[in-house]
Colleague: 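Structure below; questions to follow.
Below, each value reflects all heavy atoms present in this structure, side chains not excepted, and no hydrogens, waters or symmetry copies.
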Amino acid sequence: MVVNFGAGPAKLPAEVLLEVQKELVHHGNSGMSVMEMSHRGADYNKIHEETISTLQELLDIPDDYQVLLLQGGGTGLFAAVCLNLMGRTGVADYVVTGSWSAKAAKEAAKYGKVNMVIPKTNKYTGVPDQKTWKLDPNASYLYYCDNETVHGVEFNFIPETNGVPIVCDMSSNILSRHFDIRKFGLVFGGAQKNIGPSGITVVIVRKDLMGNAMTVTPSIFDFAVVAKDNSIHNTPPTFIIYVMGRVFAWIKRQGGIKAMYENSIKKSQMIYNEIARSGGFYGCPVNEDSRSRMNVPFRIGSIEGDEALEKEFLKGAEARKMVQLKGHRSVGGIRASLYNAVTIEDAEALAKYMREFFEQHKK
């Protein structure tokens, strides 16, 4: 087995993979694989309900919020959010702190007026103090990405909006720390980081925000339609939902969100400590108060990066069976993604290698 630091699709818990393997051909007493079940049959319905109820338990989701399972990924939600929520005033606030929130804002401009809350920049190194934000009091909602996977920028606070509903993309850090869903109008997360295999997006939306979709909204993106049919308006990705349910059950067995958070601090701190003690050999471009626990980007040799050294680092990592450490193509460098399934031992192995590589190449 390799040590997988991929940004997504990402590592799944080994325990879950073995469980799925065991049940792949015959699930329970059904005599068939989950992949073969009718999405409207009793066997699958039990899986569907248990998956949603376990998530509700993990995140303490109250009855006035609806869990939806949508296809189209996080990118699909960039449009679905606007189609369902932007019609109230035709305006929305967007806080752009990385490439994913930038893409969301660009998509939103197709459906209404986008108010860019902070100045536009091509260098995403942190989250500006909210005192500097320019909010529109007429906004239908405020949108932000809690953790930018590419740039490694993570919010350490929930914005204050004076009653304007908050929409948050938590694709890459959901289930890694506790948050009060009651402070949000809508939270969503693509599955392929902390939730399960790629192919589905979890949406948690306040029920009073549903039912006002634009008339052009496709039925599969209309929150009210999907909610009415309990996320089985059309055939859902049944096998992915089954694996998600196994991941949620695994998180419970590990100690819940509290344990995931504590582990995320330990893992990320190991890597940031190696960056700090290298005296500039490793450089992280993100401000310390906005550094992600999930995605740690760094350069080698200088803050701009020495490509030859970085290629050597990646080659050495692969020789040690540590894979998918190459930074996103838009920023280069190295990126270690430390999602819930990445173990303390995995992070220790990377930290040890970083130490060895530094000792071999320091001037």
Side-chain angles (χ1 to χ4, degrees), residues 8-17 19-20 34 44-70 74 77 145-147 149 154-155 158 166-207 223 226-227 230-231 236-268 292-294 337-344:
K11 180 176 181 178
L12 289 164
E15 191 176 315
V16 169
L17 290 173
E19 193 174 354
V20 170
V34 173
Y44 173 71
N45 187 256
K46 183 179 179 183
I47 293 169
H48 194 89
E49 293 294 342
E50 285 182 353
T51 298
I52 291 174
S53 65
T54 307
L55 180 65
Q56 289 170 324
E57 180 184 350
L58 284 171
L59 294 179
D60 188 26
I61 300 172
D63 291 341
D64 56 337
Y65 283 76
Q66 182 79 35
V67 174
L68 306 175
L69 306 177
L70 297 181
L77 261 293
C145 180
D146 205 35
N147 184 78
T149 317
E154 185 173 29
F155 274 70
I158 298 173
I166 298 174
V167 173
C168 187
D169 175 359
M170 291 190 183
S171 290
S172 52
N173 67 351
I174 195 168
L175 296 170
S176 74
R177 66 180 177 188
H178 175 74
F179 64 94
D180 185 356
I181 187 63
R182 296 162 186 82
K183 294 184 178 180
F184 296 87
L186 184 150
V187 164
F188 72 87
Q192 64 274 17
K193 322 284 189 180
N194 279 327
I195 295 173
S198 60
I200 201 163
T201 308
V202 171
V203 178
I204 308 165
V205 59
R206 209 172 67 208
K207 290 180 178 177
F223 297 155
V226 177
N230 194 28
S231 299
T238 53
F239 188 73
I240 293 171
I241 292 169
Y242 155 69
V243 180
M244 279 172 45
R246 297 300 87 219
V247 172
F248 296 161
W250 174 81
I251 291 174
K252 279 185 64 177
R253 292 195 299 271
Q254 299 303 306
I257 303 298
K258 183 175 184 291
M260 297 299 105
Y261 175 70
E262 290 171 352
N263 286 347
S264 74
I265 295 296
K266 291 175 184 175
K267 292 182 293 187
S268 59
S292 170
R293 297 164 300 116
M294 297 288 104
S337 294
L338 307 171
Y339 301 124
N340 289 345
V342 175
T343 65
I344 298 290

Colleague: Any side-chain heavy atom of Pro236 sitting closer than 4.5 Å to one from Ile241?
Modeller: yes

Colleague: So, do Glu19 and Trp250 sit near enough that their side-chain heavy atoms are less than 4.5 Å apart?
Modeller: no

Colleague: Which heavy atom in Lys11 sits nearest to a heavy atom in Thr343, and how many Å separate them?
Modeller: NZ-CG2, 4.2 Å

Colleague: Do Asn340 and Asn263 come within less than 4.5 Å of each other through their side chains, counting heavy atoms only?
Modeller: no

Colleague: Measuring from Ile61:CD1 to Ile204:CD1, what's the distance to the nearest 0.5 Å?
Modeller: 4.0 Å

Colleague: Under 3.5 Å, side chain of Asn194 to main-chain N/O of Tyr339, donor-acceptor pair present?
Modeller: no

Colleague: So which heavy atom on Pro237 is nearest to which on Gly199, and how close?
Modeller: CG-O, 3.7 Å

Colleague: Compare every heavy atom of Asn147 with every heavy atom of Ser292, then report the nearest pair and how far apart it is.
Modeller: OG-OD1, 2.6 Å

Colleague: Are Leu59 and Ile181 packed together at the side-chain level, in the sense that at least one heavy-atom pair is separated by less than 4.5 angstrom?
Modeller: no

Colleague: Can you tell if the side chain of Arg293 reaches within under 4.5 Å of the side chain of Asn173, non-hydrogen atoms only?
Modeller: yes

Colleague: Applying side-chain hydrogen bond (donor to acceptor under 3.5 Å, both in side chains), run through Arg177 and Ser264 and close with a yes or a no.
Modeller: CA-CA 9 Å; Arg177 66 180 177 188; Ser264 74; over 6 Å; no

Colleague: To the nearest 0.5 Å, what is the distance between OG (Ser268) and CD (Glu154)?
Modeller: 8.5 Å

Colleague: In Å, rounded to the nearest 0.5 Å, how long is the span from CD1 of Ile200 to CG of Leu68?
Modeller: 10.5 Å

Colleague: Starting at CD1 of Ile47, measure out to CZ of Arg246 and round the result to the nearest 0.5 Å.
Modeller: 8.5 Å

Colleague: Tell me, do Asp169 and Leu77 make a side-chain contact under 4.5 Å, heavy atoms counted?
Modeller: no

Colleague: Mind listing the closest non-hydrogen atom pair of Pro197 and Ile240 along with its distance?
Modeller: O-CG2, 3.7 Å

Colleague: Do any N or O atoms from the side chain of Thr54 and from the backbone of Ala249 form a donor-acceptor pair under 3.5 angstrom?
Modeller: no

Colleague: List the atom of Cys168, the atom of Asp146, and the distance in Å for their closest heavy-atom pair.
Modeller: SG-CB, 3.6 Å

Colleague: What pairs meet the side chain to side chain donor-acceptor pair (under 3.5 Å) rule with one or both residues in residues 56-65, with sequence neighbours excluded?
Modeller: Glu57-Lys252

Colleague: Roughly how far, to the nearest 0.5 Å, is CD1 of Ile195 from CD1 of Ile251?
Modeller: 8.5 Å

Colleague: Within the supplied structure, the quantity of interest is the number of heavy atoms (other residues, nucleotides, ligands) at a distance under 6.0 Å from Tyr261 OH; does it exceed 12?
Modeller: no

Colleague: Contact between Gln66 and Val226 at the side-chain level, heavy atoms closer than 4.5 Å - yes or no?
Modeller: no

Colleague: Is the closest basic N to carboxylate O distance between Lys258 and Glu262 below 4.0 Å?
Modeller: yes

Colleague: Distance-only check: which donor-acceptor pairs under 3.5 Å involve side-chain atoms of residues 183-192, not counting sequence neighbours?
Modeller:
none

Colleague: How about Ser231 and His48: do any of their side-chain heavy atoms sit closer than 4.5 Å?
Modeller: yes

Colleague: With sequence neighbours excluded, what pairs up with Lys267 under the salt bridge (charged side-chain N to carboxylate O under 4.0 Å, His left out) test?
Modeller: none

Colleague: First locate atom CD of Glu50, then atom CE of Met244, and finally report the distance between them rounded to the nearest 0.5 Å.
Modeller: 13.0 Å

